[in-house]
Amino acid sequence: MSQTHPRIQQLVKAIDFEEQEEKRRYVGQDIKSLKSAGMKDSLKNLTSNEALFTLFEQLHGDSPIPKASDISEVPLSFLNRHINPSQQRAVQQILNAGDIFIVHGPPGTGKTTTLIEAIVQLKLRGHQVLVAAPSNAAVDHMTRGLLAAGVKAVRVGNSVKIADDLFSATPEGRLNDKNIQKEIKALKIRAEEFRKMALQYKRRFGKAEREQRNLLFAEVKSIRQEIRKTMDYHLDKIFSNAEVILGTPLALAEQRFKPQQFHTLFIDEAAQCLEPLAWGIMPLAKHTVLAGDHFQLPPTVLSQKATQLGLNISILETAIRNIEDQVLLDTQYRMRTVIAGFSNDYFYQGALQTPDHLNNESVHMTFIDTAGTGMEEEAGQEGTSLVNRGELDLVQKIILSEKLNLESIAFISPYAAQVSLANELLQKIARISTIDSFQGQEFHTVFISLVRSNEHGQIGFLDDVRRMNVALTRAQEKLYVIGDSATLGQHPFYKKYLEYVEKAGHYISAWEWMYD
C-alpha cells in the first residue's frame, strides 16, 4: 500500500528546510540531523500503515472522527480526593477514550495532577502506559510526580539531559541494583581471569599451546557475550515490570518498542510537540491523550521557510480543531483573579474559574507606561536582539520603593539581550529568564519588560500573542508589566490589555518613578 497526502509532502519539505538551517547554525554537530531523520521516518511510516494514515486524515479534517463511548456510569474511586469536577471528568473520559482524547489545560489548572490521577487509574487496571513530552524538563517533572504517587516509572533518554535526582529511575540507574551488579561483576572477573591466562603464553609456542590460547580467548568472548545477554535480560525485565515509561518523543522512538505495545500514550505539553515527532510514537499505543494549551507557545522552529510551511503547528493545534473528545480543565489555582482575568477573557472565552480565596480587592497587577519618557529600545551588544535600559532602571526603583522580597521575584522579557543585561543589573533577584524559557513556571512576583518602544509601532515577535499569554499567567500574587503604550497600543491585543488594566488593575505612568 502506498498513499500520500499534501500535508505529509509539505511537512517533509519543511523538515528539509529546518535541517538546512540547523546545519548552518550548528556546524559540525550531528545531533540535530538525527531528529530530522526520525521525523521523516515517522511520516514515511504513515504512508504504509492504513490505520495510521486514516487517523492522520481524521486529525486533518479529511474524514470524521468516531466519538468515543459515553462515560461509564460506574462511580470512579479517585485516589486524589482533592481534584475538582472538570479534572474528575477528564480522568473518567481518559479511561473511556477512543483513539485520541484531548485534555486542554490552561495555566494553573492542574494538568499534571489530572494526568497523574489518570495514569494511576490505568495502572490499577493493569495497563502499561507511555508518557512523552517535548522537553526533558517536562518529562522530569512528570517522572517526579509519578514516583511520588507510588508508580513504577522508568525514565529513558540521554542521561546527561536527565536531572541527577532521577538517575535511579533510569535504566542505567536500575542496572546499578546490587544483585545485578554482583552477577555482572562475577562474570567480568571470570573473563579477566581467562584473559590473563591466555596472555601468559609467549609469542612463539607450539600447536597445543596455540590451541589452548585460542580456547581461552574464545571463553573470554563467550563470557562477554553472556554479560551483554545478562544486561539485556535485566533491561527487558526493567521495561516489562515498569508501569510507566517516560521520555521525549525522540528518546522513546529510539527504544524500538512494538506497535501498540502500550495501552495509552500521554503526550504532555503537546502544544510544543512537532507533529512529525508525535507520529513517531503514536503507533506504540492503542490510545493517545494529548495534553496542553494551544494558546501558549508553539514548538520552536529555526527556519522561516519551515515555519511558512507549518512545521511549527503542533500536534495539539492540529488535533484540537477536529476532535470532539476533549475536556477543558476549568479552574485555575495559580494566580489572583485579576491577574488571570485578561487571559481568561481573551483566550478562554471566560470559561476559567478562580476559587474565592484568590479573589480580593488588593492591587495585584500594575502596568507602568513608558510612553513619552524617552525610554526607547536599542540594539543589544551583538546586534541580534534588543534592550531597553530605562525599563530595567524602573524595575530596580519599584523593587526598592515597594520593598519587595528579592527571593520571590522573577524577571522575564521576550528579548534575550534584555535578559542578558538584566543578569548584569538585577543580580540579586531569584529568576531572570526569557518568556519562552519560563513557560510552565510560576513565581510570587513577576516583572515583564516588553522592551519595544519606537515611533513606528513595530513590536516584532510580540505579535505572537501566545507568548504574552505565557508571560501574563506566571505571577501568583503581583504582576508588573512595563511597556510603551504608544508603541504597543497600535496592536489590538495590547490595546485590549491596556483597557483591561485601566479597569481592573493599576495603570500608572513611568514619570511617577523616574525622579523618585
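If you read the sequence from its start, that first residue is 1, and numbering goes on from there. What you see below is based on every heavy atom in this structure, not just the backbone, and it leaves out hydrogens, waters and symmetry mates.
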Report task. Answer yes when E477 and R334 have at least one side-chain N-carboxylate O distance shorter than 4.0 Å, and no when they do not. Result -> no

Query raised in the report: With distance as the sole test, does E407 use its side chain to make a donor-acceptor pair with the main-chain N or O of A430 at under 3.5 Å?
Result: no

Query raised in the report: Using a distance-only test with no angle check, is there a side-chain donor-acceptor pair under 3.5 angstrom linking N312 and T307?
Result: no

Requested in this report: Indicate yes or no: does E442 engage R474 in a salt bridge with an N to O separation below 4.0 Å.
Outcome: no

Query raised in the report: For Q10, does the CD atom have more than 12 heavy-atom neighbours from other residues, nucleotides or ligands under 6.0 Å away?
Result: yes

**Report entry** Validation row: V139, M142 side chains within 4.5 angstrom (heavy atoms)
**Finding:** no

**Report entry** Flag for Q272-S135: side-chain donor and acceptor within less than 3.5 Å
**Finding:** no

Requested in this report: Would you confirm whether N423, through its side chain, and V419, through its main-chain N or O, come within 3.5 Å as a donor-acceptor pair?
Outcome: yes

Which donor-acceptor pairs under 3.5 Å do the side chains of residues 492-499 make with protein atoms, sequence neighbours left out?
{"unit_1": "Y494", "atom_1": "OH", "unit_2": "L462", "atom_2": "O", "d": "2.7"}
{"unit_1": "K495", "atom_1": "NZ", "unit_2": "E499", "atom_2": "OE2", "d": "3.3"}

Query - Within the 6.0 Å centroid threshold, strictly below: F257 and F239 - result: yes

Query - Under 3.5 Å donor-acceptor, Q427 side chain and E424 backbone - result: yes

**Report entry** Inter-residue atom distance I448.CD1 - I482.CD1, 0.5 Å rounding
**Finding:** 9.5 Å

**Report entry** Electrostatic pair R389:E376 at N-O distance under 4.0 angstrom
**Finding:** no

**Report entry** Gap between atom CG of N136 and atom OG1 of T248 - 0.5 Å precision
**Finding:** 5.5 Å

Query raised in the report: Would you call K286 and D99 a salt bridge, taking side-chain N to carboxylate O under 4.0 Å as the test?
Result: no

Query raised in the report: Would you say T445's side chain and I409's backbone share a donor-acceptor pair under 3.5 angstrom?
Result: no

Report summary line: Interatomic distance, OH@Y333 vs OG1@T109, rounded to 0.5 Å, equals 9.0 Å

Report summary line: Minimal heavy-atom distance between I238 and P171, with the atoms involved, is CD1-O, 4.1 Å

Requested in this report: Evaluate salt bridge (charged side-chain N to carboxylate O under 4.0 Å, His left out) for E317 paired with R466, printing each intermediate quantity in order.
Outcome: CA-CA 13 Å; E317 193 175 352; R466 291 173 294 185; 3.4 Å; yes

Query raised in the report: Take atom NZ in K40; do more than 12 heavy atoms of anything else shown fall under 6.0 Å from it?
Result: yes

Query raised in the report: Do you see a donor-acceptor pair shorter than 3.5 Å between the side chains of D463 and H491?
Result: yes

Query raised in the report: For V129 and E243, what are the C-alpha separation, side-chain angles and deciding distance, and is it a side-chain contact (heavy atoms from CB on, under 4.5 Å)?
Result: CA-CA 6 Å; V129 171; E243 293 164 336; over 6 Å; no

**Report entry** Beyond-backbone contact of I315 with L290, side-chain heavy atoms, under 4.5 angstrom
**Finding:** yes

Query - Backbone N/O of A340 and side chain of N344: donor-acceptor pair under 3.5 Å - result: no

Query raised in the report: For the residue pair H127 and H263, does the interplanar ring angle fall in the parallel (under 30°), tilted (30 to 60°) or perpendicular (over 60°) class?
Result: parallel

**Report entry** Check: A486 main-chain N/O paired with Q490 side-chain donor or acceptor under 3.5 Å
**Finding:** yes

Query raised in the report: Ion pair present between E269 and K111, side-chain N to carboxylate O less than 4.0 angstrom?
Result: yes

Query raised in the report: With distance as the sole criterion, is a donor-acceptor pair present between the side chains of T373 and T370 under 3.5 Å?
Result: no

Query raised in the report: Is it true that F411 and F438 have ring centroids separated by less than 6.0 Å?
Result: no

Report task. Might you confirm whether atom CD of E324 has over 12 heavy atoms from other residues, nucleotides or ligands at distances under 6.0 Å? Result -> no

Query raised in the report: About how many Å separate CG of L302 and CG of L311, when rounded to the nearest 0.5 Å?
Result: 10.0 Å

**Report entry** Centroid separation F101 to H287 less than 6.0 Å
**Finding:** no

Report task. Go through the steps to decide whether L246 and V244 satisfy the test side-chain contact (heavy atoms from CB on, under 4.5 Å), and finish with yes or no. Result -> CA-CA 6 Å; L246 306 95; V244 181; 3.8 Å; yes

Query raised in the report: With side chains defined as the heavy atoms from C-beta onward, is the minimum distance between H104 and H294 less than 4.5 Å?
Result: yes

Query raised in the report: Between P298 and S314, is any pair of side-chain heavy atoms under 4.5 Å apart?
Result: no

Query raised in the report: When you measure from the side chain of R467 to the backbone N and O of F461, does any donor-acceptor pair fall under 3.5 Å?
Result: yes

**Report entry** Min side-chain heavy-atom separation V289-T264 under 4.5 Å
**Finding:** yes

Requested in this report: To the nearest 0.5 angstrom, please state how far the CE atom of M375 sits from the CG atom of L392.
Outcome: 10.5 Å

**Report entry** Carboxylate-amine/guanidinium proximity below 4.0 Å for D484 and R452
**Finding:** no

Query raised in the report: Do V470 and F295 have side-chain heavy atoms sitting under 4.5 Å apart?
Result: no

Query - Side chain proximity check, Q58 to I323, heavy atoms < 4.5 angstrom - result: no

Report task. Assess whether side chain to side chain donor-acceptor pair (under 3.5 Å) is satisfied between Q418 and S449, documenting all intermediate values. Result -> CA-CA 8 Å; Q418 184 77 337; S449 172; 2.9 Å; yes

Query - Verdict with supporting geometry, V156 and I245, side-chain contact (heavy atoms from CB on, under 4.5 Å) - result: CA-CA 7 Å; V156 301; I245 298 173; 4.1 Å; yes

**Report entry** Distance (rounded to the nearest 0.5 Å) between I412 CD1 and R431 CZ
**Finding:** 9.5 Å

Query raised in the report: Would you call I102 and L316 a side-chain contact if the rule is heavy atoms closer than 4.5 Å?
Result: yes

**Report entry** Crowding at NE2, H444 (>12 non-hydrogen neighbours, <6.0 Å)
**Finding:** yes

Requested in this report: Mind telling me whether H5 and F56 have parallel, tilted or perpendicular rings, with 30° and 60° as the class edges?
Outcome: perpendicular

Query raised in the report: What about the rings of Y500 and F342, do their centers lie closer together than 6.0 Å?
Result: yes

Requested in this report: Go through the steps to decide whether Y480 and I398 satisfy the test side-chain contact (heavy atoms from CB on, under 4.5 Å), and finish with yes or no.
Outcome: CA-CA 9 Å; Y480 295 91; I398 293 168; 3.8 Å; yes

**Report entry** Between E377 and N388: side-chain donor-acceptor atoms closer than 3.5 Å
**Finding:** no

Query raised in the report: If only atom types and distance count, is the side chain of S437 paired as donor or acceptor with the main-chain N or O of T434 below 3.5 Å?
Result: no

Query raised in the report: Counting N and O atoms only, with roles assigned by atom type, does the side chain of D268 sit under 3.5 Å from a partner on the main chain of A133, one being a donor and the other an acceptor?
Result: no

Query raised in the report: Hey, does the side chain of E275 reach the backbone of I313 with a donor-acceptor pair shorter than 3.5 angstrom?
Result: no

